[in-house]
S.K.: 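Got a structure for you, questions after.
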Protein chains: 2
Amino acid sequence: MKLSTRGDYATRVLLELCTAEGPRPVSVTDLANRTAISQKYLEQIMGQLRSAGIVRSERGLHGGYELAREPDGLTVGEVIRIMDGPLAPSPCASRSAHVPCPAYRCAVEESCVMRSLWLEVRDAIAEVLDRTTFGDLTRRQQSSLALSRAMYHI
Amino acid sequence: MKLSTRGDYATRVLLELCTAEGPRPVSVTDLANRTAISQKYLEQIMGQLRSAGIVRSERGLHGGYELAREPDGLTVGEVIRIMDGPLAPSPCASRSAHVPCPAYRCAVEESCVMRSLWLEVRDAIAEVLDRTTFGDLTRRQQSSLALSRAMYHI
DNA sequence: TGAATCCCTATCGAATTAGTAGGATTATCA
DNA sequence: TGATAATCCTACTAATTCGATAGGGATTCA
Ligand code: FES
Ligand code: FES
């Protein structure tokens with residue numbers, strides 16, 4: 001049930017975009033440096049996020065990327081689906097992009113016991129990822145930052 | 001968050017072993033025919049399940065495989081972990097086989113916002129898979145079978 | 001002895017993943 | 001206007017994983 005680097009990197013970068021201080025938009029060079037991701041690889045990822053309408057870009061000097069949506073309206077689930085495809089462990093258990101299992105394996109999909117289990121798993125994953133927004137993550141990061149600052153000053 | 005064919009096949013075969021009628025133990029040839037899985041590939045999978053103590057084998061003529069444990073004491077989560085490794089989306093979020101993230105990406109693991117989210121996801125998956133036993137699946141299959149038989153006789 | 005079975009290991013092709021590379025286009029600013 | 005810094009686009013590639021195949025050895029029993 002592993003996450004690909006694309007999903008991983010995309011979420012990291014978006015969180016960075018949420019919390020970034022300094023001039024907007026942020027260039028890929030900056031983003032790559034701050035997140036320790038290969039710049040050229042990150043360019044591709046940002047392109048994909050742009051065509052999905054998650055970020056918007058400005059070209060030319062002082063160009064870069066910024067969020068195209070409110071952090072509170074952008075869920076992690078949406079981003080993961082864009083980068084890695086459906087959340088379901090099995091294509092037959094996807095609600096967003098259903099693909100049936102080969103007929104000779106599972107005669108009737110509706111009564112397939114394994115499928116109903118994979119559906120449960122899919123729903124459990126989706127419940128977490130579709131309720132968590134980048135606004136949530138941003139606030140969590142800020143409060144954990146405040147906590148560590150307080151610790152430091154004791 | 002895809003399941004590999006090994007995890008998929010292993011669960012199918014174990015469910016087949018739970019519900020199989022006829023002589024025990026069941027040969028790989030039979031199992032492969034009933035589940036439409038390549039016989040040689042299935043041999044490898046059964047070997048792995050055997051060394052993990054999930055099934056026991058008998059060699060020689062009339063040999064084959066049978067469950068080594070009570071279906072009600074065997075969870076799907078255990079099987080998936082054996083075949084596919086940890087359930088967590090990220091190695092740093094695994095409780096059974098934790099591996100830290102590269103330090104230059106996430107300075108302090110305990111305060112990493114992404115990791116806490118992957119932990120939530122891992123726990124959501126584990127909750128479903130660790131509470132579902134092959135006994136449960138067997139009963140579900142039997143009741144769905146009984147239902148379809150009833151439908152047929154209407 | 002011979003047939004059916006598990007057991008072990010090596011190999012292999014295809015697909016996917018992760019990353020590189022090179023250059024075209026666009027905007028800014030001195 | 002020209003240098004520069006940025007996005008954008010596409011092709012390529014190296015590495016890994018996945019799914020499966022292959023061959024043969026060991027074991028059991030009729
Ligand atoms: S229908 Fe997909 S697992 Fe049975
Ligand atoms: S510690 Fe693993 S994602 Fe941050």
Side-chain angles (χ1 to χ4, degrees), chain A residues 1-10 12-13 17 22-68 80 82-86 89-91 102 105, chain B residues 1-10 12-13 17 22-33 35-68 80 83-86 89-91 102 105:
Chain A
M1 322 290 271
K2 296 291 159 292
L3 196 67
S4 76
T5 57
R6 299 178 73 85
D8 182 12
Y9 292 175
R12 282 172 200 271
V13 164
L17 272 185
R24 307 295 182 86
V26 188
S27 74
V28 168
T29 309
D30 281 1
L31 287 174
N33 289 338
R34 291 182 208 170
T35 54
I37 299 172
S38 144
Q39 175 168 339
K40 278 299 203 176
Y41 193 31
L42 191 50
E43 270 186 27
Q44 293 175 38
I45 292 170
M46 296 313 292
Q48 201 170 340
L49 289 174
R50 182 185 47 79
S51 32
I54 306 295
V55 296
R56 89 167 60 90
S57 65
E58 269 174 42
R59 307 181 66 168
L61 195 59
H62 308 311
Y65 290 95
E66 60 191 343
L67 280 184
I80 299 292
I82 289 166
M83 305 308 294
D84 286 9
S90 163
R105 288 245 163 82
Chain B
M1 323 287 272
K2 294 291 159 290
L3 194 68
S4 75
T5 57
R6 301 179 71 86
D8 183 11
Y9 291 175
R12 281 173 200 271
V13 163
L17 272 185
R24 307 294 182 88
V26 188
S27 73
V28 168
T29 309
D30 281 1
L31 287 174
N33 289 338
T35 53
I37 299 172
S38 144
Q39 175 168 339
K40 277 300 204 178
Y41 193 33
L42 191 51
E43 271 186 27
Q44 294 175 39
I45 292 170
M46 295 314 291
Q48 202 170 340
L49 290 174
R50 182 185 48 78
S51 32
I54 306 294
V55 297
R56 88 168 61 89
S57 65
E58 271 175 42
R59 307 180 67 170
L61 195 58
H62 308 312
Y65 290 94
E66 60 190 343
L67 281 185
I80 298 292
M83 304 308 295
D84 286 9
S90 162
R105 288 245 163 80

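We name chains A, B, ... by the order of the sequence lines, and we start the count at 1 in each one.
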S.K.: Could you list where the contact with chain A starts and ends along DNA chain D, reading 5' to 3', using a 4.0 Å heavy-atom cut-off?
M.R.: D:dA5 to D:dA11
S.K.: Just to verify, what does B:Thr35 make a side chain to side chain contact (heavy atoms under 4.5 Å, CB included) with, not counting sequence neighbours?
M.R.: B:Val13, B:Glu16, B:Ile37, B:Leu42
S.K.: Taking both distances under 3.5 Å as the test for a Watson-Crick or G-U pair, what stems of at least three pairs does DNA chain C have?
M.R.: C:1-30 with D:1-30
S.K.: Over how many whole Å does the gap from B:Gln48 atom CD to C:dC7 atom C1' extend?
M.R.: 14 Å
S.K.: Any side-chain hydrogen bond (donor to acceptor under 3.5 Å, both in side chains) pairs touching residues 57-67 of chain B, not counting sequence neighbours?
M.R.: B:Arg56-B:Glu66
S.K.: For B:Pro102, enumerate each residue passing the side chain to side chain contact (heavy atoms under 4.5 Å, CB included) test, keeping only those at least two apart in sequence or located in another chain.
M.R.: B:Tyr104, B:Arg105
S.K.: Per the side-chain hydrogen bond (donor to acceptor under 3.5 Å, both in side chains) rule, what does the pair list look like for residues 36-50 of chain A, sequence neighbours excluded?
M.R.: A:Thr5-A:Tyr41, A:Arg6-A:Gln48, A:Thr29-A:Gln39
S.K.: For every nucleotide of nucleotides 20-30 of chain C, 5' to 3': is a protein heavy atom under 4.0 Å from its base (B), only from its sugar-phosphate (S), or from neither (-)?
M.R.: BBBB-BBBBS-
S.K.: For A:Arg24, check salt bridge (charged side-chain N to carboxylate O under 4.0 Å, His left out) against everything at least two apart and list the hits.
M.R.: none
S.K.: Check salt bridge (charged side-chain N to carboxylate O under 4.0 Å, His left out) between B:Asp8 and all other residues, then give those that pass, not counting sequence neighbours.
M.R.: B:Arg12
S.K.: Whole angstrom is fine here: how far is it from CD1 in B:Ile45 over to P in C:dC8?
M.R.: 16 Å
S.K.: Tell me, please, which residues at least two apart from B:Asp30 pass salt bridge (charged side-chain N to carboxylate O under 4.0 Å, His left out).
M.R.: B:Arg34
S.K.: Expressed as a whole number of angstroms, how long is the span from A:Lys2:NZ to C:dT16:P?
M.R.: 19 Å
S.K.: List the atom of A:Ala68, the atom of A:Gly53, and the distance in Å for their closest heavy-atom pair.
M.R.: CB-O, 3.6 Å
S.K.: Please state whether the phosphate of C:dC7, meaning OP1 or OP2, lies under 4.0 angstrom from any side-chain nitrogen or oxygen of B:Arg50.
M.R.: yes
S.K.: Looking at residues at least two apart in the chain, or sitting in another chain, which of them share a side-chain hydrogen bond (donor to acceptor under 3.5 Å, both in side chains) with A:Ser27?
M.R.: none
S.K.: For a quick test of reading the model, state the closest non-hydrogen atom pair linking B:Asp84 to B:Gly7 and the distance between them.
M.R.: OD1-N, 3.5 Å
